[in-house]
Protein chains: 2
Amino acid sequence: MKVGELVERSGVPLPTVKFYLREGLLPAGEATGRNQAAYGEEHLRRLRVIRALVDVGGLPITAVREILRAADDPDQAGHDVRGLAHFNLARPTRTDRSTAQWRSARVDALALVRAKGWNVHEESVWLDQLADAMAALRALGHEDILGLMDHYVASAEQLAGPEVAVVMAQPDRPSMVESVVTGTLLGEAMFVALHRMAQEDASSRFDPSGRPPADQAGVGAGVAERVPTAAETPAATKHRPPATYQARE
Amino acid sequence: MKVGELVERSGVPLPTVKFYLREGLLPAGEATGRNQAAYGEEHLRRLRVIRALVDVGGLPITAVREILRAADDPDQAGHDVRGLAHFNLARPTRTDRSTAQWRSARVDALALVRAKGWNVHEESVWLDQLADAMAALRALGHEDILGLMDHYVASAEQLAGPEVAVVMAQPDRPSMVESVVTGTLLGEAMFVALHRMAQEDASSRFDPSGRPPADQAGVGAGVAERVPTAAETPAATKHRPPATYQARE
DNA sequence: GATAGCGGATAGTGTCACTATCCATCTGAA
DNA sequence: TTCAGATGGATAGTGACACTATCCGCTATC
């Protein structure tokens with residue numbers, strides 16, 4: 001396959017393919033002459049992986065390079081597959097982590113996962129990112145959302161098991177690395193989309209007469225006592241505007 | 001409060017504060033002279049909201065401006081609070097949505113939420129983003145992850161109820177808008193961090209000899225087998241309290 | 001043997017979120 | 001009263017990022 005076909009089948013423009021080759025994201029094709037090279041199906045696949053990670057997952061090019069490097073090296077001893085791939089999924093820090101509030105949140109984050117008994121390294125970047133969010137919520141006085149922490153933990157735990165099972169079912173190490181990354185990133189992308197739609201749905205079902213239904217009131221305390229679902233709410237009005245909340249006074 | 005104090009208390013550098021003022025993210029202070037203005041606590045809070053949305057949530061400035069505009073306008077008739085705020089949380093499209101594969105994924109995404117009976121607009125950007133992820137997974141042959149869809153749906157549904165309850169408990173409309181955004185964005189940031197730690201934990205518990213331990217298998221098979229959908233599961237089992245998942249060992 | 005495609009190299013583009021200066025004016029402590 | 005330092009307003013510059021555009025000399029192919 002020559003580059004033109006690669007371009008056509010992948011939908012990635014030629015200058016971009018060249019860019020990926022330059023940046024080492026895409027391995028060079030097999031040289032068949034001074035000016036010609038042949039690409040295989042693996043190049044096409046690699047190109048799709050890159051686009052998925054960049055376009056859907058929002059990863060920076062440098063992170064993609066690191067991840068693909070790891071995936072390419074089948075016997076890179078002494079590293080946890082997941083840790084290696086995962087590390088590169090972290091977003092660069094933009095928050096100020098030197099404040100007392102942040103450190104306090106970080107301590108709480110660690111205590112939280114320790115209480116859950118999770119096997120997580122004390123220095124994990126995810127603990128930092130969890131602390132980022134917790135500190136921000138506290139600074140804004142949104143402890144009410146922190147009160148939902150158990151829900152988030154439960155959901156995260158619920159998803160992780162099956163996901164890891166899928167990854168572990170991969171036949172070889174490169175496939176596992178790719179599976180970790182695509183699974184984590186694209187799985188989360190799906191989750192985020194679903195989550196926001198679920199919110200819109202739950203929002204639209206909220207009783208517009210002014211007060212939340214009794215079962216809703218209890219939600220904050222227990223775990224989501226009950227949100228009536230579409231199946232139970234026949235002919236739910238589509239996208240009802242929350243008239244109740246439009247008028248402030 | 002003068003700008004110097006605002007800078008000191010918020011930790012945001014002066015040029016950045018000026019930038020936010022220029023961009024209309026931060027309302028001007030009350031003029032007390034030709035060259036002086038006074039800022040209040042609400043400016044400090046606004047600054048914190050901006051930093052949370054930009055730094056932790058990763059939103060572009062333009063989206064923040066739109067959101068804050070909506071939050072500022074207490075009687076903006078005819079708009080769904082959530083829809084309005086939500087819309088601006090969407091990431092700009094980078095994927096090619098003109099392919100047959102994408103359209104097919106988009107159809108499936110719509111069918112999925114329709115089957116759930118969710119009240120979601122047919123044109124929702126979240127359906128598009130869901131289709132992005134689904135199409136990418138399919139193109140990569142990762143149908144195995146799509147097989148976990150029910151888990152993602154269940155988790156999304158589980159979280160949405162309590163979250164909406166928190167939002168609806170806000171006293172006024174601006175607070176609700178802010179709560180929607182910070183709750184969605186920062187809540188998801190927490191979830192992502194927890195999710196990845198949960199994966200590392202589940203990964204570390206995976207029996208290296210090849211098969212998952214018994215309790216892990218239960219998670220992988222039992223839950224994976226079937227996530228009871230909201231519609232078919234009686235209230236009792238739905239939204240099972242997190243207690244179930246806390247004691248792992 | 002023309003012409004389209006190829007690889008390799010270099011330079012340019014557009015966006016984004018700041019960041020840096022300059023200037024004239026004003027404040028507040030000495 | 002004086003004057004260093006802060007302030008508001010305006011304009012321009014920066015650095016990261018992910019491409020995108022050209023140019024060149026060579027080559028495959030019709």
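Every chain is numbered from 1 and lettered A, B, ... according to where its sequence line falls, protein lines coming before strand lines. Computed from heavy atoms alone, side chains included, the values below leave out hydrogens, waters and symmetry copies.
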Quick one: label A37(A) by what it contacts on the DNA or RNA (base, sugar-phosphate, nothing), any heavy atom closer than 4.0 Å.
sugar-phosphate
Rounded distance (Å) that lies between atom P of dC17(D) and atom CZ of R91(A)
14 Å
Mind checking whether F191(B) and H195(B) have parallel, tilted or perpendicular rings, split at 30° and 60°?
parallel
What integer distance in Å separates K2(A):NZ from dT27(D):C1'?
9 Å
Are D128(A) and W102(A) side-chain neighbours, meaning at least one heavy-atom pair lies under 4.5 Å?
yes
Note: for I61(B) and L14(A) on DNA chain C, the residue whose nearest nucleotide lies more 5' is L14(A)
Rounded to the Å, how far apart are E23(B) CD and dG8(D) P?
18 Å
Minimum heavy-atom separation for V12(A) and L47(A), please, with both atom names.
CG2-CG, 4.0 Å
Check whether any side-chain heavy atom of Q199(A) sits under 4.5 Å from a side-chain heavy atom of E163(B), and report yes or no.
yes
Are any of the side-chain heavy atoms of L137(A) and M190(B) separated by less than 4.5 Å?
yes
What is the bend of the helix from dG1(C)-dC30(D) to dA30(C)-dT1(D) when you compare the axis at one end with the axis at the other, using five pairs each and rounding to 10°?
0°
Taking 4.0 Å as the cut-off, does a side-chain nitrogen or oxygen of Y20(B) come that near to OP1 or OP2 on dC18(C)?
yes
In whole Å, I'd like the distance from the CG atom of L26(B) to the P atom of dC18(C).
13 Å
Would you compute the distance between atom CD1 of I67(A) and atom CG of L89(A) and round it to the nearest 0.5 angstrom?
4.5 Å
Does some side-chain heavy atom of S179(B) sit less than 4.5 Å from a side-chain heavy atom of M168(B)?
no
Whole Å only: how far is the CG atom of L53(B) from the P atom of dA17(C)?
12 Å
Roughly how many Å is it from CD1 in I50(B) to C1' in dC16(C), rounded to a whole number?
16 Å
All N/O pairs under 3.5 Å across the protein-nucleotides 20-24 of chain D interface:
{"from": "dT20(D)", "atom 1": "OP2", "to": "T16(A)", "atom 2": "OG1", "distance (Å)": "3.3"}
{"from": "dT20(D)", "atom 1": "O4", "to": "R22(A)", "atom 2": "NH2", "distance (Å)": "2.8"}

What is the separation between atom CZ on R94(A) and atom P on dC16(C), rounded to the nearest whole Å?
13 Å
Taking side chain as C-beta onward, heavy atoms only, is M1(B) less than 4.5 Å from H43(B)?
no
Taking all heavy atoms of R106(A) and all of S124(A), pick out the closest pair and write down the distance.
NH1-O, 3.9 Å
Non-hydrogen atoms of A109(B) and A131(B) that approach each other most closely
CB-N, 4.4 Å
Considering heavy-atom distances to DNA chain C, does A28(A) or R51(B) have its closest nucleotide positioned more toward the 5' end?
A28(A)
For atom CD of E23(B), decide whether the heavy atoms of other residues, nucleotides or ligands shown that lie under 6.0 angstrom number more than 12.
yes
Measuring only between side-chain heavy atoms, which start at C-beta, is E200(B) closer than 4.5 Å to W126(A)?
yes
Rounded distance (Å) that lies between atom C1' of dT27(C) and atom CE of M1(B):
18 Å
Sort me out a list of protein N/O and nucleotides 23-26 of chain C N/O pairs below 3.5 Å, or just none if empty.
{"from": "dT25(C)", "atom 1": "O4'", "to": "N35(B)", "atom 2": "ND2", "distance (Å)": "3.3"}
{"from": "dT25(C)", "atom 1": "O2", "to": "N35(B)", "atom 2": "ND2", "distance (Å)": "2.8"}
{"from": "dC26(C)", "atom 1": "OP1", "to": "R34(B)", "atom 2": "NE", "distance (Å)": "3.1"}

